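Scroll down for the structure; my scribbles are underneath it.
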2 protein chains.
Amino acid sequence: MAWDTQETRRRLKEAAVAEFAERGPAGTTMARIAERAGINKERLYNYFGDKQSLFETVLTDELDKLAAGVALGNPGYQDIGEFAGRTFDYHADHPELARLLQWEGLSGGPVADEVNRTVHYQDKVRAVAAAQREGVLDDGLDPAHLVFLLIALAAWWFSVPQLAAMLTGADPDAPEERARRRAGVVEAARRLAAPR
Amino acid sequence: MAWDTQETRRRLKEAAVAEFAERGPAGTTMARIAERAGINKERLYNYFGDKQSLFETVLTDELDKLAAGVALGNPGYQDIGEFAGRTFDYHADHPELARLLQWEGLSGGPVADEVNRTVHYQDKVRAVAAAQREGVLDDGLDPAHLVFLLIALAAWWFSVPQLAAMLTGADPDAPEERARRRAGVVEAARRLAAPR
DNA sequence: CCCGTCTCCAACCGGACCGTTGGAAACGGG
DNA sequence: CCCGTTTCCAACGGTCCGGTTGGAGACGGG
């Protein structure tokens, strides 16, 4: 048994992400998180406080990862379709995030880390507005709406998988199906925003 | 005390819709549903069985209402934008439905009333495919994808209200804001599907 | 007026879960 | 070798919840 408190925290958090994403805050039990991590429950309380605090910690952590992940590959808005495609890819590769965000939205409580997230999104709106003024993007839609709807296109597949299954009848994990969905999202994004 | 079993069922179901939409299946308690309806808890079990059955009953009921509501105003696909607009309106007027569907999707269990719902959606896909063949709709997108993305445009606002608030900074219940959002949805739908 | 149905009330049981506690090992720095 | 920290283990108190039960009124059809 290594003597590594950071590793312990990491394993607990990893287990918490999985459990919260799967069952939501109400359905998750602290005991199961600990069990999944192979670490005693009492450590969980010692490090992260009660369940609510743990959920917020987990969510803001994952949002930081998202911000880091998309900030890397963001060379302006030369191709709005590829932006939507990358958002689609991120969600496909990290299905927990969309679920955590949905649980948060449904739970109706206060929004975790609201200030930073608001700033982050408003930055995107400003960037889109600038691109519209320059003619790089079509300006027929309000910039905030455009950002919102682009996210919708990319995230909707992971938000209502039952509906996706009923409409396409396909296995969402099959590579071809994923590629088809991505291509549709890219095309739709261009239709929404590409200059005419 | 009226002698009306149908009214009793109705009141229980009404309370169940509200509670389930607000707190989700896991967070809802049978006692609270009964209390909200002003009816004894034991009636609830007598009429609807256990919690899982009650949730499925409630959800399929609401989906039937939706089907009835949109089937009325569906005179072909002459204006795809108005179709999206009406879907937006329905969700705006019945915010519980989107939440119930999300809870269902997150809960990951079996899809309630799957057969009927699948048929219903496949009908829509066929109608869109026909419209594409006739040139009434642009055929650059797969018909199933198009239906799926049109629903996304309309429902996304009610699916992630926290995100909507951070992006627009507006009160979603204000009439002007609702009108602005609806107009954006209609415009976006036309961009996705209107023939060029 | 009577009988079957509907309803209420109150209480109960078994189980789950949150968060805590007491104690005892394992470990590493000095 | 010793002391403080980290970890484990087991158990507990209190609460809540799902689902059931027993008994007793209210109502309407015959």
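As the structure is a prediction and not an experimental result, all values here were calculated from the model.
Rounded to whole Å, the distance from CG on A:Asn46 to P on C:dT20 is 10 Å. To the nearest angstrom, C1' of D:dA26 lies 13 Å from CZ of B:Arg43. One atom, CG of A:Leu44, and another, C1' of C:dC18, lie 11 Å apart when rounded to the nearest Å. For the pair B:Ile39 CD1 and C:dC9 P, the interatomic distance rounds to 11 Å; values are reported in whole Å. Per the geometry, CG belonging to A:Asp50 stands 5 Å off P belonging to C:dG19, to the nearest Å.
With respect to B:Arg117 and B:Glu114, no salt bridge is recorded, no charged nitrogen being found less than 4.0 Å from a carboxylate O. Between B:Lys65 and B:Glu62 there is a salt bridge, since at least one side-chain N of the basic residue sits less than 4.0 Å from a carboxylate O of the acidic one.
In the region residues 6-14 of chain B, proximity to DNA chain D at under 4.0 angstrom, judged on heavy atoms, holds for none of the residues.
Taking every side-chain heavy atom of A:Tyr45 into account, C:dC18 is the closest of D:dG18, C:dC18, D:dC8. Taking only side-chain atoms of B:Thr29, from C-beta outward, the nucleotide of C:dT21, D:dC17, C:dC17 with the closest atom is D:dC17. Comparing C:dC18, D:dC8, D:dG19 against the side chain of A:Asn40 picks out D:dC8 as the nearest. The A:Lys41 side chain lies nearest to C:dG19 when the options are D:dC8, C:dG19, D:dT20.
Checking B:Asp173, B:Asp89, B:Asp171 one by one against B:Arg178, the salt bridge (charged side-chain N to carboxylate O under 4.0 Å, His left out) holds for a single residue, B:Asp89. The only member of B:Leu100, B:Thr60, B:Thr28 that meets side chain to side chain contact (heavy atoms under 4.5 Å, CB included) when paired with B:Phe55 is B:Leu100.
The distance between the ring centers of B:His145 and A:Trp157 falls below 6.0 angstrom.
Residue side chain A:Lys51 does not reach the base of C:dG19 through any donor-acceptor N/O pair under 3.5 Å, judged by distance alone.
Both the sub-6.0 Å distance and the 45° axial angle are satisfied by B:Arg9 relative to the ring of B:Tyr47.
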